[in-house]
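The structure appears below as structure tokens.
In what follows, chains are A, B, ... by sequence order, proteins preceding strands, each numbered from 1.
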2 protein chains.
Amino acid sequence: MPDSTFPEVRSLDLFADMSDENYAKLMRGAYLQTFPPHVDLIGEGEDADFLHVLVSGAVDLFSSWSNRETSVMIVKPVSTFILAATIRDARYLMSARTMEKSRIVMIPSQDVRAIFDLDAGFARAVVVELAACYRSVIKTTKNLKLRTALERLANYLLSRSQDHDGALNFVLDLEKRQLASVLGMTPENLSRAFKALQAYGVQVNGENVVINNMDDLQTFAKPTSLIDDNRT
Amino acid sequence: MPDSTFPEVRSLDLFADMSDENYAKLMRGAYLQTFPPHVDLIGEGEDADFLHVLVSGAVDLFSSWSNRETSVMIVKPVSTFILAATIRDARYLMSARTMEKSRIVMIPSQDVRAIFDLDAGFARAVVVELAACYRSVIKTTKNLKLRTALERLANYLLSRSQDHDGALNFVLDLEKRQLASVLGMTPENLSRAFKALQAYGVQVNGENVVINNMDDLQTFAKPTSLIDDNRT
DNA sequence: ATACCCGCTTGATAAATATCAAGTGATGAC
DNA sequence: GTCATCACTTGATATTTATCAAGCGGGTAT
């Protein structure tokens with residue numbers, strides 16, 4: 001492959017299938033920016049002028065209403081965020097802030113839409129990506145409506161274990177209050193939920209998690225790929 | 001426009017922009033089927049062999065886990081459902097059943113994917129549709145995580161009022177137990193929630209709803225287009 | 001080293017929501 | 001017309017979750 005701007009971006013599924021020419025066009029107006037931790041990037045309700053690609057760091061997509069706030073999802077590198085708003089030329093539904101120092105490529109939304117019309121490979125990739133995002137949020141909805149907070153936590157831990165090749169001990173990748181918000185509960189409630197999972201052999205010490213009895217935990221959590229597997 | 005198979009389908013946004021030739025190809029393997037009320041169409045976990053287009057009637061998309069069941073969304077005509085699974089050649093994340101007598105056009109998924117590659121207009125329409133679906137589910141998630149059941153109900157009533165050009169009285173379009181499931185609460189809780197909204201001037205008699213004091217209800221419900229407007 | 005901050009925990013209590021059981025009322029079958 | 005069915009309602013109670021208020025403890029700045 002010839003040189004390209006932002007090679008990390010080029011190798012993303014979303015951009016891998018397009019022609020070099022169209023990729024170059026798309027990146028002509030794009031720029032890379034580095035942000036410190038805890039910086040607001042986007043406010044919900046604003047116009048989606050840019051498609052964002054997180055190259056390194058971590059970003060929290062959250063939403064507020066009537067004095068309440070919740071984290072809708074966490075974005076980890078390398079991936080895009082708020083593709084749907086860009087495509088529809090609509091307003092952001094979520095706010096975004098960096099969680100740590102982050103490098104982000106910003107691509108003007110109008111260029112994304114223009115190249116979409118020019119490049120069939122890109123168009124296909126956008127559709128596949130959007131369909132995956134859609135399915136992921138459907139799973140979130142099922143998780144919220146069908147499970148209690150304790151069950152959501154148990155399944156979260158099983159998922160993280162899977163991420164580590166089924167390891168029985170691992171480190172939480174989120175601060176606990178952040179995790180509480182993602183799971184749709186308060187930090188106090190999360191604290192108690194961790195204690196309640198001791199009954200199923202889960203030990204938590206700071207950010208370290210040990211699963212002493214995988215069978216017990218699975219029997220309680222009843223994980224299913226139709227909710228918990230983010231790949232399918 | 002020349003004659004086309006399933007004119008109701010042809011005029012959908014999703015199919016309006018494609019060439020007559022490709023539309024004909026897409027519909028070659030499609031067939032229309034009529035189902036009685038309360039018939040299971042799809043079970044979650046099955047392979048997405050067909051894209052479904054609801055031409056008349058109503059369909060409930062629901063999901064089950066561990067002895068619990070919840071209605072994720074209701075599909076009204078004319079619209080497609082489970083587009084994302086079709087695109088990704090994946091398994092259905094939701095089950096589907098008819099709520100009333102329904103006519104449904106079923107299009108083989110492989111044809112959808114094939115024509116997608118051939119027809120740029122169709123590809124664009126799929127992307128726009130999927131982006132809309134994605135944003136709609138994000139709104140559902142915000143609704144669930146940021147609001148209590150009472151607040152969800154209040155905003156639901158305001159939305160239905162909007163659907164009727166802001167009318168102060170209208171008829172519920174769902175059975176109450178169905179509505180309870182969509183809103184993520186039990187039928188008993190919904191019954192009490194209706195009574196609680198009397199304090200804000202809402203009167204419910206059977207399926208008839210009267211909003212006596214729109215200001216009061218809005219002050220309580222705090223509707224926002226970033227959650228409650230399904231068009232943007 | 002000391003003091004402070006901050007995230008987390010814990011306890012007590014309140015609010016929201018679900019469950020179980022019984023009752024009401026409309027609708028439809030016979 | 002009577003009975004049965006079914007959705008809905010109502011009441012009593014249990015569970016889940018949130019709120020408020022301290023307290024704990026590891027890290028950091030000075």
_Students often get this wrong, so: under 4.0 angstrom with heavy atoms, is E188(B) touching a base, only sugar-phosphate, or nothing?_
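The answer is base, as E188(B) lies within the cut-off (heavy atoms under 4.0 Å) of a base atom.
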*Heavy atoms under 4.0 Å, any strand shown: does T148(A) hit a base, just sugar-phosphate, or nothing?*
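Answer is sugar-phosphate: T148(A) comes under 4.0 Å of backbone atoms only.
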Residues [X], [Y]: salt bridge by 4.0 Å N-O rule:
{"X": "K145(B)", "Y": "E69(A)", "value": "no"}
{"X": "K142(A)", "Y": "D228(A)", "value": "no"}
{"X": "R103(B)", "Y": "E8(B)", "value": "yes"}

*Is S102(A) reaching over with its side chain to a backbone N or O of M99(A), donor-acceptor style, under 3.5 angstrom?*
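Flag not set: sc S102(A) to bb M99(A) has no pair under 3.5 Å.
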*Do S66(A) and R147(B) meet the criterion of a side-chain donor-acceptor pair at a distance under 3.5 Å?*
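Side-chain D/A pair, S66(A) to R147(B): absent.
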*Are side-chain N/O atoms of R10(A) and T5(A) paired as donor and acceptor at under 3.5 Å?*
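T5(A) and R10(A) do not have a side-chain donor-acceptor pair below 3.5 Å.
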[N] [atom2] sits how many Å from [X] [atom1], rounded?
{"X": "N189(B)", "N": "dT15(D)", "atom1": "CG", "atom2": "P", "value": "17 Å"}
{"X": "E151(A)", "N": "dT15(D)", "atom1": "CD", "atom2": "C1'", "value": "13 Å"}
{"X": "R177(B)", "N": "dA7(D)", "atom1": "CZ", "atom2": "C1'", "value": "7 Å"}
{"X": "E69(A)", "N": "dT19(D)", "atom1": "CD", "atom2": "C1'", "value": "18 Å"}
{"X": "R147(A)", "N": "dT17(D)", "atom1": "CZ", "atom2": "P", "value": "13 Å"}
{"X": "E207(A)", "N": "dG27(D)", "atom1": "CD", "atom2": "P", "value": "10 Å"}
{"X": "L183(A)", "N": "dT16(D)", "atom1": "CG", "atom2": "C1'", "value": "15 Å"}
{"X": "K145(A)", "N": "dT16(D)", "atom1": "NZ", "atom2": "C1'", "value": "18 Å"}

*Taking the side chain of S191(B) as heavy atoms from C-beta outward, which of dA7(D), dT19(D), dT10(D) is closest to it?*
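The answer is dT10(D).
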*May I ask you to check whether F220(A) and Y200(A) place their ring centers less than 6.0 Å from one another?*
yes
_Quick check for you: name the first and last nucleotides of DNA chain C, 5' to 3', having an atom under 4.0 Å from a heavy atom of chain B._
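So the outermost contacting nucleotides come out as dT17(C) to dC20(C).
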*DNA chain D: Q178(B) or R192(A), which has the more 5' nearest nucleotide?*
Q178(B)
